[in-house]
Amino acid sequence: MNSSEDSAKDIIADLQSRNMVVQLSSGDELKSHLSEGSRAVYCGFDPTASSLHIGSMVPLLALKRFQMAGHTPIALVGGATGMIGDPSFKDSERKLNSTDIISDWVEQLKPQLSQFLDFDCGENSAVLVNNLDWTKDYDVLSFLRDVGKHFSVNAMIQKESVKQRIEREGEGISFTEFSYMILQSYDFAELNKRYGCTVQIGGSDQWGNITGGIDLTRRMNQSQVYGATLPLVTKSDGTKFGKSESGTIWLDPSMTSPYAFYQFWLGTADADVYSFMKYFTFLSAIEIDAIEATDKASGTKPEAQSILAKLVTELVHGDEGLTAATRISGALFSGDIAALTGDDLQQLELDGLPCSSIAANSAGIVEVLVATELAKSNKMAREFIGNNAVSVNGQLVSEPDFQLSAEKALQGQYFVLKRGKKLFHLGKLAQ
RNA sequence: GGAGGGGUUCCCGAGUGGCCAAAGGGAUCAGACUGUAAAUCUGACGCGCAAGCUUCGGUGGUUCAAAUCCACCCCCCUCCA
């Protein structure tokens with residue numbers, strides 16, 4: 001993590017060179033505000049699951065970029081706002097999670113938020129806060145009088161982020177979700193008071209909430225603060241970013257293995273890979289442009305995907321995670337599966353290739369595919385076999401009554417099951 | 001509380017008594033082509049080898065036959081109070 005040190009002085013220019021700035025409040029003023037001293041910059045993350053997913057990495061890494069530029073990052077975990085639910089650009093009301101679950105998620109998110117920031121670097125060490133701390137004992141009447149009075153409903157319903165919800169036929173918005181903006185605005189004012197925080201960043205869907213906070217801070221604290229929004233990651237083909245065949249790509253290695261994580265980035269479309277490098281790595285825009293130029297000139301398969309996969313996996317899962325991921329990938333995609341040694345196979349298991357044991361007596365391929373979740377029903381399993389989509393230890397399986405017997409196993413007990421081009425599972429014969 | 005409009009298979013959305021496991025689109029999956037891309041084409045997409053079975057907010061009912069009709073209930077939306 002080095003290359004952006006040069007551009008550290010002008011963090012906004014650095015972000016702009018990465019196409020990572022969508023909106024800026026009073027742009028020039030914000031730039032000079034940031035260049036004149038070390039500032040406290042905040043970004044909030046609501047507990048909507050037990051782990052962050054890769055979408056949250058853009059703002060989180062942006063906080064890191066601010067820290068590298070000499071500012072103090074404040075990572076806020078939304079113990080309070082997570083109980084309400086942000087309606088911004090959501091087309092329907094969401095169901096509330098129980099408070100127990102939310103506080104559990106808050107605890108799980110804290111180490112993930114911390115992992116990317118430096119909490120021990122003197123002046124601009126990172127700060128981790130929970131907005132529940134300043135809301136849980138705030139009584140309703142005081143809140144409505146002190147905070148609510150500063151908001152005009154007329155202005156609130158004009159915000160683009162909720163407008164469609166209010167106008168959309170067949171949908172509505174509860175007062176609970178409608179109030180979300182007030183809570184987040186209050187967070188900004190509170191952080192301004194507590195930590196002298198003057199900048200909030202977030203995804204571009206947060207613009208309404210951020211400007212709400214700017215206005216509130218001016219009114220409550222008589223202090224000028226600023227906001228900037230980052231792009232929401234989209235894919236060139238219009239499908240949702242951050243999902244793969246097996247679901248959301250989480251940062252928690254027990255939810256998305258480093259191998260699956262690595263594979264996800266490796267599969268990035270050419271049309272997206274260079275902008276993703278700008279969002280998700282610390283390579284400078286210049287370096288990334290150079291990679292793009294080289295790839296274009298080479299006329300063969302681009303290098304960018306493997307660079308991206310390597311850097312992001314390393315960033316999130318460390319050296320060990322990256323090594324495991326590349327080891328599995330190498331064995332499965334470029335090696336001869338039948339030639340794997342017992343040690344290799346054991347290593348695959350340790351590295352986190354999905355693995356399950358197979359009962360020796362009932363090891364018909366159809367049942368095994370279902371048991372390993374490579375197929376979700378017998379019917380699908382048969383269809384996959386009929387489509388030549390299934391192989392065992394590198395051998396195509398074309399008969400639905402194929403049996404996984406000990407004599408066909410590698411090293412007497414392993415089966416590398418493959419469905420489709422990319423989905424693998426290690427089956428281990430129960431002894 | 002009153003009036004009206006809705007709840008269909010992952011999502012959107014057609015379907016108003018049999019021809020409906022339910023149009024169409026999207027998403028997803030597989031195959032071909034490739035670079036573990038993209039685009040394109042082909043196929044699949046409730047469960048079951050099959051006969052057949054289980055679905056259309058819930059519960060009961062009418063009928064030879066219901067996603068479609070009736071009753072009650074639950075939930076959502078709009079307007080009025």
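Here is the naming used below: chain letters follow the sequence lines, and residue numbers restart at 1 for every chain.
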Peer 1: Taking only N and O in the side chain of Lys421(A), is any of them less than 4.0 Å away from OP1 or OP2 of G31(B)?
Peer 2: yes
Peer 1: Heavy atoms only, 4.0 Å cut-off, all strands: where does Pro302(A) land among base, sugar-phosphate and nothing?
Peer 2: base
Peer 1: Of the listed nucleotides (U36(B), C29(B), A44(B)), which one gets closest to any side-chain atom of Phe384(A)?
Peer 2: C29(B)
Peer 1: Which heavy atom in Ile214(A) sits nearest to a heavy atom in Gly227(A), and how many Å separate them?
Peer 2: CD1-N, 3.6 Å
Peer 1: Would you say Ser329(A) places a side-chain N or O within less than 4.0 Å of OP1 or OP2 belonging to U36(B)?
Peer 2: no
Peer 1: Partner lookup for A50(B), please. Criteria are Watson-Crick or G-U wobble with both distances under 3.5 angstrom; report none if nothing qualifies.
Peer 2: none
Peer 1: Rounding to the closest angstrom, what is the interatomic distance between U55(B) and C10(B) at atom C1'?
Peer 2: 15 Å
Peer 1: Given the C1' atoms of C56(B) and G6(B), what is the spacing between them in whole Å?
Peer 2: 14 Å
Peer 1: Work out how far the P atom of A14(B) is from that of G7(B), and round it to whole angstrom.
Peer 2: 9 Å
Peer 1: Could you check Gly330(A) against Val390(A) and say which one's nearest nucleotide on RNA chain B is further toward the 5' end?
Peer 2: Val390(A)
Peer 1: Describe, in one word, how the ring planes of Tyr186(A) and Phe143(A) are oriented to each other, choosing from parallel (under 30°), tilted (30 to 60°) and perpendicular (over 60°).
Peer 2: perpendicular
Peer 1: Between Phe116(A) and Phe282(A), does the ring centre distance come in under 6.0 Å?
Peer 2: no
Peer 1: Distance check needed: A50(B) C1' versus Asp401(A) CG, whole Å only.
Peer 2: 16 Å
Peer 1: If you check every side-chain atom of Lys422(A), which of A44(B), A37(B), G48(B) has the closest atom?
Peer 2: A37(B)
Peer 1: Roughly how many Å is it from CG in Asp270(A) to P in U36(B), rounded to a whole number?
Peer 2: 12 Å
Peer 1: For G26(B) and U42(B), measure between their P atoms and round to the nearest Å.
Peer 2: 13 Å
Peer 1: Can you tell me the pairing partner of A81(B) across any strand shown, Watson-Crick or G-U wobble, with both distances under 3.5 angstrom?
Peer 2: none
Peer 1: P atom, A27(B) versus A21(B): distance in rounded Å?
Peer 2: 28 Å
Peer 1: So what's G35(B) paired with, Watson-Crick or G-U wobble, going by both distances under 3.5 Å?
Peer 2: none
Peer 1: Separation of Gln305(A) atom CD from A38(B) atom P, in whole Å?
Peer 2: 10 Å
Peer 1: Which pair of non-hydrogen atoms, one from Ile337(A) and one from Leu410(A), has the smallest distance, and what is that distance?
Peer 2: O-CD1, 3.7 Å
Peer 1: Once you round it to whole Å, what is the distance between C1' of C77(B) and CD of Glu177(A)?
Peer 2: 15 Å
Peer 1: Rounded to whole angstroms, how far apart are CG on Asn387(A) and C1' on G43(B)?
Peer 2: 7 Å
Peer 1: On a whole-Å scale, what distance lies between the C1' atoms belonging to A39(B) and G46(B)?
Peer 2: 32 Å
Peer 1: Sort out the partner of U55(B) for me: Watson-Crick or G-U wobble, both distances under 3.5 Å, none otherwise.
Peer 2: none
Peer 1: I need the minimum non-hydrogen distance between Asp272(A) and Thr268(A), along with the two atoms involved.
Peer 2: CB-CG2, 4.0 Å
Peer 1: Which heavy atom of His71(A) sits nearest a heavy atom of Leu34(A), and at what distance?
Peer 2: CE1-O, 3.1 Å
Peer 1: If we take the P atom in both C75(B) and C69(B), what is their distance in whole Å?
Peer 2: 22 Å
Peer 1: Between A67(B) and G18(B), how far apart are the P atoms? Round to whole Å, please.
Peer 2: 10 Å
Peer 1: Closest approach of Phe45(A) and Ser56(A), non-hydrogen atoms and distance?
Peer 2: CE2-O, 3.7 Å
Peer 1: Check the distance between U36(B)'s P and Leu308(A)'s CG and give it to me in whole angstrom.
Peer 2: 17 Å
Peer 1: By the 4.0 Å heavy-atom rule, please label Ala269(A) as base, sugar-phosphate, or nothing.
Peer 2: sugar-phosphate
Peer 1: Whom does U62(B) pair with, Watson-Crick or G-U wobble, provided both distances fall under 3.5 Å?
Peer 2: none
Peer 1: Using both distances under 3.5 Å as the test, list the Watson-Crick or G-U wobble partner of U42(B), or none.
Peer 2: A30(B)
Peer 1: For a quick check under 3.5 Å, do Asn97(A) and Trp105(A) share a side-chain donor-acceptor pair by atom type?
Peer 2: no
Peer 1: With a cut-off of less than 4.0 Å, is there a side-chain N or O of Arg419(A) near OP1 or OP2 of A30(B)?
Peer 2: yes
Peer 1: With both distances kept under 3.5 Å, what pairs with U9(B), Watson-Crick or G-U wobble?
Peer 2: none
Peer 1: Taking the nucleotide of RNA chain B with the nearest heavy atom to each, does Lys301(A) or Gly172(A) sit closer to the 5' end?
Peer 2: Lys301(A)
Peer 1: Please give, in whole Å, the distance from U9(B) C1' to Lys379(A) NZ?
Peer 2: 13 Å
Peer 1: Output yes when at least one side-chain N/O atom of Thr300(A) is less than 4.0 Å from OP1 or OP2 of G35(B), else no.
Peer 2: no
Peer 1: Let me know the distance between CG of Asp237(A) and P of U28(B), rounded to the nearest Å.
Peer 2: 8 Å
Peer 1: Look at Lys376(A) and A30(B) and indicate whether a side-chain polar atom (N or O) is within less than 4.0 Å of OP1 or OP2.
Peer 2: no
